[in-house]
Participant: 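Encoded as structure tokens, here's the structure I'll be asking about.
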There are 2 protein chains.
Amino acid sequence: MAKETYSIGEISKKTGVSIRTLHFYDEKGLLQPEKHPTSGHRIYSEEDIKTLHQIMTLKFLGFSLDKIGGMLKERNFHMGLIDSLRMQAKKLEEDKERIEIALATIKRTIALLESEGEVDSNILMSIISSMQTEKEQREWAEKYFDKNVVEQIFEISEEEKLEWEKASVKFYKQVKSLAGRPADDADVQHMLREFFSAIAVVLDTESLREFVKVGNLTEEDSRKIEEEIDRFVPNPLTKEETEWLEQVMDSFLEKYDINEFLSKSK
Amino acid sequence: MAKETYSIGEISKKTGVSIRTLHFYDEKGLLQPEKHPTSGHRIYSEEDIKTLHQIMTLKFLGFSLDKIGGMLKERNFHMGLIDSLRMQAKKLEEDKERIEIALATIKRTIALLESEGEVDSNILMSIISSMQTEKEQREWAEKYFDKNVVEQIFEISEEEKLEWEKASVKFYKQVKSLAGRPADDADVQHMLREFFSAIAVVLDTESLREFVKVGNLTEEDSRKIEEEIDRFVPNPLTKEETEWLEQVMDSFLEKYDINEFLSKSK
DNA sequence: CCTTGAACCTACAGCTACGTTAGGTTGTAT
DNA sequence: ATACAACCTAACGTAGCTGTAGGTTCAAGG
């Protein structure tokens, strides 16, 4: 017959739980084995092993050691446990969603970096947090814009998203290098032309018109919107760059009809 | 022109980051705004807001504040970042898998509890950790058994899994209440009959034969196997119950042919 | 019997990413 | 002048451990 007691080292090897952690569980009152009366060495029984297994299991399900301590006291698991499990499941679902978003974001960022090489950290961060808050952005956008427009913007394919992000990076890069030049500079004109073409990929004419309407809001309203956007998407441009961009864009839109670029891209 | 500096309270409201956290980031050197020379109040610039956004973003991707601190020092994000991102993605994938297993386990446990009511904690824990370690079990099983058999056991539907777990709970419950009775007791015979019928649902005749072979291993080998099984699935039965079960099962298998139960269930 | 080394003990410090509380100062409105 | 909000520093608390120091116990070899 096999021996019925184990030293802390044996338990550690058997279960993979570190000795220090076993000490810790003892301290916390979760698992308190007998102690040898003279040496003080801990003596684990088969029962103790089962308790340890329960601790590991409940920990795996995400319960706190505190709760586990409470659960271990109860001999049987009854319906009350179901509630705990449901709550735990909810928590895990949330964690999972966050992880999924982070993962998708990382993957897109890698793709972006691989195709674009070195990227200014402000630009990259702006794009990353825009990916990250896509869901909130969408909910927010639905308050201000027509549902169909919003749907069109957000329900594009992964490749289209990547293309759009690449275009954004290029655009921001150019804004940063061209800022200060006159509105009729050839490079500036070229940049804006490219930008509107990129937009055309994700938006059709009518949607774009709807979208441009934002420009015609009251000062008050557009300031509010800007503030709210700022909350989740930091602008990668400096104040000077932003002002310059607004100016050259205005004069560009005065001269040309947006439809030109739309039809070109189709 | 809007003001270009903000107090800590304004920043907190704008970004949702608590004041304490901002203090903390200051302490850690992550975000150190100017300080008013006399009052000592922190003065955040637009630049600081961008830095804060970067911190939030990188935190969302799962990086530690320490790493973030290092990243913030670098002006541009180059190829080194891709490695970090890949590693982070790997970590997140692992987290995600653990969560998914935990979620599946919880859902099955809820289903089990709902259909069985109160369950002895030892039994429930045994079943939960068996769900939890399904993957390892499978890998382990493939070392000892024929691949086809293993595949058959593990690739059953969710309902079948639930049925099997229900049967297990019932079986263990009965073992615990009948332990000590003679092998020819009617209830004992009935229990064993039910048990083999339940097995038949997940295994066909040939597979079962293969499986039963384990009983014919050397002492040495079967002890080893038991030890390894113990590592992830604690036995819900006491030593006495286990011994009793082995005994009545042996005498049961001597009397009857396994095929009887298999054909009955089909 | 003595020594060596592994295994064990207690006790305290440290980690992450903050939250909480205490006690004091500054800024602003009335 | 006074109230009160907003800010400051400093220190302790949290979860779930890990690490280290300094000392004891146990088993084996010489």
Side-chain angles (χ1 to χ4, degrees), chain A residues 3 5-45 48 51-52 54-72 88 91-92 95 98 102, chain B residues 3 5-45 48 51-52 54-72 88 91-92 95 98 102:
Chain A
K3 63 174 171 175
T5 64
Y6 307 85
S7 74
I8 198 170
E10 288 170 325
I11 293 292
S12 178
K13 262 181 204 152
K14 241 174 123 69
T15 62
V17 176
S18 81
I19 291 180
R20 193 61 188 81
T21 299
L22 291 168
H23 282 165
F24 179 69
Y25 288 164
D26 191 348
E27 255 176 62
K28 285 256 139 178
L30 278 176
L31 178 59
Q32 293 175 317
E34 259 189 272
K35 283 190 174 190
H36 191 272
T38 63
S39 73
H41 288 192
R42 289 170 180 79
I43 303 166
Y44 291 85
S45 68
D48 291 325
T51 306
L52 181 54
Q54 297 197 355
I55 294 172
M56 290 165 72
T57 299
L58 292 170
K59 220 165 64 75
F60 184 87
L61 297 188
F63 292 102
S64 72
L65 293 191
D66 239 42
K67 267 197 188 157
I68 293 175
M71 291 168 149
L72 289 179
Q88 195 55 40
K91 229 192 76 187
L92 289 176
D95 289 355
R98 283 200 314 95
Chain B
K3 65 173 170 177
T5 64
Y6 307 85
S7 74
I8 198 169
E10 288 170 325
I11 293 292
S12 179
K13 261 181 205 152
K14 242 176 121 72
T15 62
V17 176
S18 80
I19 291 181
R20 179 59 183 101
T21 299
L22 291 167
H23 281 165
F24 181 68
Y25 290 164
D26 190 348
E27 254 176 66
K28 284 257 138 179
L30 280 175
L31 179 59
Q32 293 175 315
E34 258 189 273
K35 284 189 172 190
H36 191 273
T38 64
S39 74
H41 288 191
R42 289 170 181 80
I43 303 165
Y44 290 85
S45 68
D48 290 325
T51 306
L52 180 55
Q54 298 197 354
I55 294 171
M56 291 166 70
T57 299
L58 293 170
K59 220 165 64 76
F60 183 87
L61 297 187
F63 291 103
S64 72
L65 293 190
D66 235 44
K67 267 198 188 156
I68 294 175
M71 290 168 148
L72 289 178
Q88 194 55 38
K91 230 193 74 188
L92 290 176
D95 290 355
R98 282 201 315 93

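Numbered from 1 within each chain, the chains take letters A, B, ... in sequence-line order.
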Participant: Working note: Phe24(B) + Leu65(B), criterion side chain to side chain contact (heavy atoms under 4.5 Å, CB included); need CA distance, chi angles, decisive distance, verdict.
Facilitator: CA-CA 11 Å; Phe24(B) 181 68; Leu65(B) 293 190; 3.6 Å; yes

Participant: For dG16(D), take OP1 and OP2 only and decide whether either is under 4.0 Å from a side-chain N or O of Lys67(A).
Facilitator: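 No, no such contact exists.
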
Participant: Given dT26(C), is OP1 or OP2 found less than 4.0 Å from the side-chain N or O atoms of His36(B)?
Facilitator: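 No, His36(B) has no side-chain N/O under 4.0 Å of OP1/OP2 on dT26(C).
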
Participant: Tell me: NE2 of His41(B) to P of dT9(D), nearest whole Å?
Facilitator: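 Going from NE2 in His41(B) over to P in dT9(D) covers 9 Å.
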
Participant: Out of dC18(C), dG19(D), dC17(D), which has the shortest distance to the side chain of Arg20(A)?
Facilitator: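 So the side chain of Arg20(A) is nearest to dG19(D).
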
Participant: In this structure, how many angstroms lie between the P atom of dC18(C) and the CD1 atom of Ile55(B), rounded?
Facilitator: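 After rounding, the gap between these two atoms is 10 Å.
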
Participant: Using a 3.5 Å distance criterion without hydrogens, assess whether the side chain of Asp48(A) forms a donor-acceptor pair with backbone atoms of Ser45(A).
Facilitator: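 Yes, because the side chain of Asp48(A) sits within donor-acceptor range (under 3.5 Å) of the backbone of Ser45(A).
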
Participant: Got a second to check how far Tyr44(A)'s OH is from Gln32(A)'s CD, nearest 0.5 Å?
Facilitator: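 So the gap between those two atoms works out to 10.0 Å.
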
Participant: Which residue, Ile8(A) or Ser64(B), contacts DNA chain C at a nucleotide closer to its 5' end, judged by nearest heavy atom?
Facilitator: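 The residue mapped nearer the 5' terminus is Ile8(A).
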
Participant: Given dT9(D), is OP1 or OP2 found less than 4.0 Å from the side-chain N or O atoms of Lys35(B)?
Facilitator: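 Indeed, a polar side-chain atom of Lys35(B) lies that close.
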
Participant: Measure the distance from CD on Glu27(B) to P on dC12(D) and round it to the nearest whole Å.
Facilitator: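 After rounding, the gap between these two atoms is 14 Å.
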
Participant: When you check the phosphate oxygens OP1 and OP2 of dA17(C), does a side-chain N or O of Tyr25(B) lie under 4.0 Å from one of them?
Facilitator: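 No.
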
Participant: More 5' along DNA chain C: Thr38(B) or Lys28(B), using each one's nearest nucleotide?
Facilitator: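 It is Lys28(B), whose closest nucleotide lies nearer the 5' terminus.
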
Participant: Counting heavy atoms from C-beta on, name the nucleotide in dG19(C), dC7(D), dC8(C) closest to the side chain of Ser7(B).
Facilitator: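 Selected nucleotide: dC7(D).
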
Participant: From the list dT20(D), dT20(C), dC9(C), which nucleotide is the closest neighbour of the side chain of Arg42(A)?
Facilitator: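 Shortest atom-to-atom distance from the side chain points to dC9(C).
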
Participant: Would you compute the distance between atom CZ of Arg42(A) and atom NE2 of His23(A) and round it to the nearest 0.5 angstrom?
Facilitator: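 One gets 4.0 Å once the value is rounded to the nearest 0.5 Å.
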
Participant: Rounded to whole angstroms, how far apart are CD1 on Ile11(A) and P on dA7(C)?
Facilitator: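 Rounded to whole Å, this separation is 16 Å.
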
Participant: Picking from dG19(C), dG16(D), dT26(C), which would you name as closest to the side chain of Ser18(B)?
Facilitator: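 Comparing dG19(C), dG16(D), dT26(C) against the side chain of Ser18(B), the answer is dG19(C).
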
Participant: Tell me: CZ of Phe63(B) to P of dA17(C), nearest whole Å?
Facilitator: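 These atoms are roughly 13 Å apart.
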
Participant: Atom CG of Leu65(A) and atom P of dT14(D): how far apart are they, to the nearest Å?
Facilitator: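 So the two atoms are 14 Å apart, to the nearest Å.
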
Participant: If you pin Thr21(A) and Ser39(B) to their nearest nucleotides in DNA chain D, which one's is more 5'?
Facilitator: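 Per heavy-atom nearest nucleotide, the more 5' residue is Ser39(B).
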
Participant: So, applying side chain to side chain contact (heavy atoms under 4.5 Å, CB included) with Pro33(B), which one of Ile8(B), Ile43(B), Ile11(B), Asp26(B) is it?
Facilitator: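 Of all the options given, the one that passes is Asp26(B).
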
Participant: Can you check the Lys13(B) NZ to dC7(D) C1' distance for me, whole Å?
Facilitator: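 After rounding, the reported distance stands at 13 Å.
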
Participant: Give a yes/no answer on whether the side chain of His23(B) brings an N or O atom under 4.0 Å of OP1 or OP2 in dC8(D).
Facilitator: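 Affirmative; the distance criterion is met.
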
Participant: Over how many whole Å does the gap from Ile19(A) atom CD1 to dG19(D) atom C1' extend?
Facilitator: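 Rounded to the whole Å, the gap is 13 Å.
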
